[in-house]
Amino acid sequence: METTVSLVQMLDARERRVRHQQELLARYHKPLICFTMNICGPVKDSPLIRRGFGRGRQLLRQQFLRAKLTPLYQDAVREVTGCEAFYVLDADPLTIKKFTTDIEDATPLGRLFDMDVIRPDGLKVDREELNLEGRRCLICGGPAKVCSSRRIHTVAELQEKTTEILTAARDAQDIADAARLAVRALLYEVTTTPKPGLVDRRNSGSHRDMDVFTFMDSAAALYPYFEACARTGRETAEQPAPETFAALRPLGCEAEGEMLDATGGVNTHKGAVFSVGIVCAALGRLDRSLWADAARVLAEVSAMTAGLTEKDFAGVTAENAATVGQKLYIRYGITGVRGQVEAGLPTVLNVGLPVLEEGLAKGYDFDRVGGGALLAILANSTDTNIIARSSRERQLALTEELKALLAQTPYPDKDALAALDDRFIAENLSPGGSADLLALTWLLHFVTTEGNIDE
Ligand SMILES: CC(C)(COP(=O)(O)OP(=O)(O)OC[C@H]1O[C@@H](n2cnc3c(N)ncnc32)[C@H](O[C@H]2O[C@H](COP(=O)(O)OP(=O)(O)OP(=O)(O)O)[C@@H](O)[C@H]2O)[C@@H]1O)[C@@H](O)C(=O)NCCC(=O)NCCS
Ligand SMILES: Nc1ncnc2[nH]cnc12
């Protein structure tokens with residue numbers, strides 16, 4: 001809920017800020033940054049404003065890392081009168097002012113940041129000391145001091161522009177983060193070693209035409225596609241979920257082309273183009289606060305693809321079935337990747353994620369938890385790639401064997417996984433569908449644990 005604040009409240013807040021500054025200066029005798037947001041009008045706090053403030057804090061953290069600075073003290077508060085953060089630093093005030101003004105001047109969002117630098121004697125460092133121009137007006141780009149003292153623009157105009165800047169910054173960050181985590185998930189999947197029959201750091205599994213570098217080329221080539229999926233999700237967020245999915249399909253066709261270009265014609269990620277692309281679009285549709293909830297994200301995936309299996313397989317017959325997916329549907333009623341997404345990726349939510357997270361909590365390394373999660377996924381789903389390279393009977397027997405193995409050892413060690421790898425290779429088996437579900441598991445793990453940024 002948005003609360004309006006009075007002039008008295010704002011004056012009280014300013015007084016409190018000054019007192020806090022004085023306490024910090026008296027305690028540390030070092031320069032400090034006081035970071036607030038420039039927000040016009042009586043509403044100083046909202047989720048959107050907090051997001052912008054969170055981004056500002058993230059940019060400051062990055063500058064501290066670059067300058068190898070650890071704040072001696074820091075705090076942040078979110079009040080109805082606005083967000084405030086303080087940082088006490090053991091550094092030259094002008095050096096600090098240089099990097100705060102760099103942040104303020106780098107982007108439109110930076111225009112909304114007010115990062116004051118206060119010297120140990122309590123005096124503010126001025127932009128002019130760095131030969132920098134004064135700040136510019138949000139609306140006309142003229143000197144901000146002139147526009148604000150003469151009240152040249154209306155509050156409504158300023159609020160509209162502020163919302164536009166905050167919204168654009170929020171969306172750009174969500175879209176880039178979704179795509180970054182998607183590519184990271186694909187890279188974690190291929191890097192997880194050993195994996196039975198699959199490409200990893202140990203070998204190329206049951207494949208002759210690709211290795212770990214082929215997968216890296218493919219994953220990197222898909223970054224713009226994942227961004228486009230998340231952007232499509234954001235742009236269609238107000239529309240019924242299936243409309244977002246409909247808008248994705250042409251992007252998916254193009255991305256398959258990019259993948260084939262990057263790999264010299266090898267099918268590395270066709271399944272992932274489809275399923276990971278849908279998850280990126282679901283993230284785009286959802287407010288960032290919901291990313292921490294895997295079930296909610298996957299419910300969105302399900303809503304987007306409602307009715308997909310029936311629609312996609314309508315008119316497919318034993319005579320015209322062309323893809324492996326279509327043939328297996330006609331023959332056994334197996335719904336493959338389509339059925340998985342339509343059901344909200346239950347194997348990821350109920351099998352992959354719990355196994356991954358339990359293994360991480362036990363302190364196992366990424367290879368071991370990834371290997372355990374992959375086998376659990378394989379044991380509890382229908383991998384159409386396994387059937388395509390063997391038979392339905394063999395795939396069912398394998399799932400039974402793996403279930404028995406996992407009941408004894410939920411996280412088989414390197415040697416056990418390598419022995420399974422050798423057996424899969426000898427049988428020319430490759431669980432590509434399960435590999436995709438492992439990538440989706442990594443993705444949901446990243447999104448739920450790291451996706452919730454500081455607001
Ligand atoms: C819905 C589409 C993905 C396509 O569906 P299609 O019917 O063409 O394909 P399917 O056979 O149904 O399988 C697609 C891929 O889904 C992955 N998969 C399999 N089982 C599952 C599962 N249980 N859960 C989730 N995902 C699953 C799997 O992808 C991975 O394996 C691929 C590599 O396989 P591999 O055997 O190594 O290589 P191949 O070249 O295929 O064979 P070999 O010669 O080597 O044996 C790799 O892609 C992984 O990502 C399945 O392969 C979607 O494309 C679509 O919407 N199609 C409709 C038409 C359309 O609009 N097309 C768009 C293109 S223009
Ligand atoms: N690591 C991998 N090896 C072979 N096929 C795959 N499909 C997706 N990931 C794979």
Side-chain angles (χ1 to χ4, degrees), residues 185-216 218-219 222 225 245-246 248-260 263 265-279 301 305 308-309 311-313 316 321-332 334-343 345-348 351-352 370-371 374 377-390 395 399 421 424-425 428-442:
L186 295 185
L187 295 175
Y188 268 56
E189 179 274 301
V190 72
T191 305
T192 302
T193 303
K195 292 191 302 287
L198 293 164
V199 173
D200 57 25
R201 306 196 310 280
R202 181 172 188 250
N203 57 35
S204 288
S206 307
H207 298 270
R208 288 164 204 280
D209 53 355
M210 51 188 175
D211 61 17
V212 81
F213 294 105
T214 323
F215 276 86
M216 289 182 184
S218 176
L222 292 176
Y225 162 68
F245 177 64
L248 288 186
R249 279 205 136 163
L251 302 179
C253 282
E254 208 182 310
E256 274 187 23
E258 297 296 339
M259 171 193 83
L260 294 172
T263 61
V266 179
N267 172 12
T268 39
H269 286 128
K270 179 177 161 191
V273 163
F274 180 74
S275 53
V276 176
I278 294 172
V279 172
V301 166
T305 52
L308 167 70
T309 313
K311 219 182 302 159
D312 248 30
F313 289 132
V316 177
T323 69
V324 170
Q326 290 172 342
K327 286 180 186 151
L328 295 181
Y329 178 73
I330 293 298
R331 186 131 183 233
Y332 305 108
I334 292 170
T335 54
V337 66
R338 296 171 179 84
Q340 271 286 328
V341 292
E342 192 173 351
L345 294 165
T347 315
V348 172
V351 180
L374 175 71
I377 288 167
L378 191 41
N380 290 285
S381 60
T382 307
D383 191 311
T384 57
N385 297 91
I386 290 281
I387 307 179
R389 283 174 176 237
S390 59
Q395 180 261 332
T399 58
D421 188 23
F424 272 56
I425 295 170
N428 193 35
L429 297 177
S430 171
S434 303
D436 285 354
L437 294 173
L438 175 63
L440 287 157
T441 300
W442 279 119

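Counting convention: from 1, in listed order, for ligands and their atoms alike.
- Checked against salt bridge (Lys or Arg N to Asp or Glu O under 4.0 Å), Arg201 has the following partners two or more places apart in sequence or in another chain: Asp367.
- For Phe213, the CZ atom sits in a loose shell: 12 or fewer heavy atoms of surrounding residues, nucleotides or ligands are nearer than 6.0 Å.
- With hydrogens and angles ignored, the 3.5 Å screen pairs a side-chain donor or acceptor of Thr263 with a backbone N or O of Met259.
- Ligand 1 lies within reach of Ala272, whose nearest heavy atom is under 4.0 Å from it.
- Proximity annotation for atom 20 (N) of ligand 1: of Thr384, Asp209, Asp436, Thr384 comes nearest, heavy atoms only.
- In terms of protein heavy-atom proximity, atom 9 (N) of ligand 2 is closest to Glu189 OE1, 2.9 Å.
- Atom 12 (O) of ligand 1 has Gly325 CA, 3.1 Å as its closest protein atom, hydrogens excluded (heavy atom only).
- For atom 46 (O) of ligand 1, the closest heavy atom belonging to the protein is Arg389 NE, 3.1 Å.
- Both the backbone and the side chain of Cys253 come within 4.0 Å of ligand 1, counting heavy atoms alone.
- Closest to atom 25 (C) of ligand 1 by heavy atom, among Val337, Leu248, Ile387, is Val337.
- Residues meeting the side chain to side chain donor-acceptor pair (under 3.5 Å) test with Asp209, sequence neighbours left out: none.
- For the pair Asp383 (side chain) and Gly433 (backbone), a donor-acceptor distance under 3.5 Å is present.
- Within a 4.0 Å radius of atom 64 (C) of ligand 1, the protein contributes one or more non-hydrogen atoms.
- Around atom 7 (O) of ligand 1, the closest heavy atom drawn from Val276, Thr323, Val273 belongs to Thr323.
- Across the listed options Leu328, Asn385, Leu429, Asn385 owns the non-hydrogen atom lying nearest to atom 33 (C) of ligand 1.
- A side chain to side chain donor-acceptor pair (under 3.5 Å) with Thr309 is found for one member of Arg338, Glu342, Gln340 and no other, namely Glu342.
- Nearest protein neighbour of atom 4 (C) of ligand 1, counting heavy atoms only, is Lys270 CE, 3.9 Å.
- Of all the heavy atoms of His207, the ones lying under 4.0 Å from any atom of ligand 2 belong exclusively to the side chain.
- Residue contact annotation: His269 has no non-hydrogen atom under 4.0 Å from ligand 2.
- Phe215 is listed as a side-chain neighbour of His269, based on a closest heavy-atom distance under 4.5 Å.
- Taking only nitrogen or oxygen atoms, main chain and side chain alike, Gly336 does not reach within less than 3.5 Å of ligand 1.
- For atom 28 (C) of ligand 1, the nearest protein heavy atom lies under 4.0 Å away.
- Distance from atom 3 (N) of ligand 2 to its nearest protein heavy atom, with residue and atom name: Val199 N, 2.9 Å.
- The nearest protein atom to atom 7 (N) of ligand 2, hydrogens excluded, is given as Thr268 O, 3.5 Å; this is a heavy-atom distance.
- With ligand atoms numbered from 1 in the order given, ligand 2 contributes 8 (C), 9 (N), 10 (C) to contacts under 4.0 Å with heavy atoms of Ala435.
- Ranking the protein heavy atoms by distance from atom 22 (C) of ligand 1 puts Thr382 O, 3.9 Å first.
- Set against the non-hydrogen atoms of Asp436, the atoms of ligand 2 under 4.0 Å away are 8 (C).
- Among the atoms of Glu256, some N or O lies under 3.5 angstrom from an N or O of ligand 1.
- Not a single heavy atom of Val341 lies less than 4.0 angstrom from ligand 1.
- For Thr268 and Ser218, the side-chain atoms include at least one donor-acceptor pair closer than 3.5 Å.
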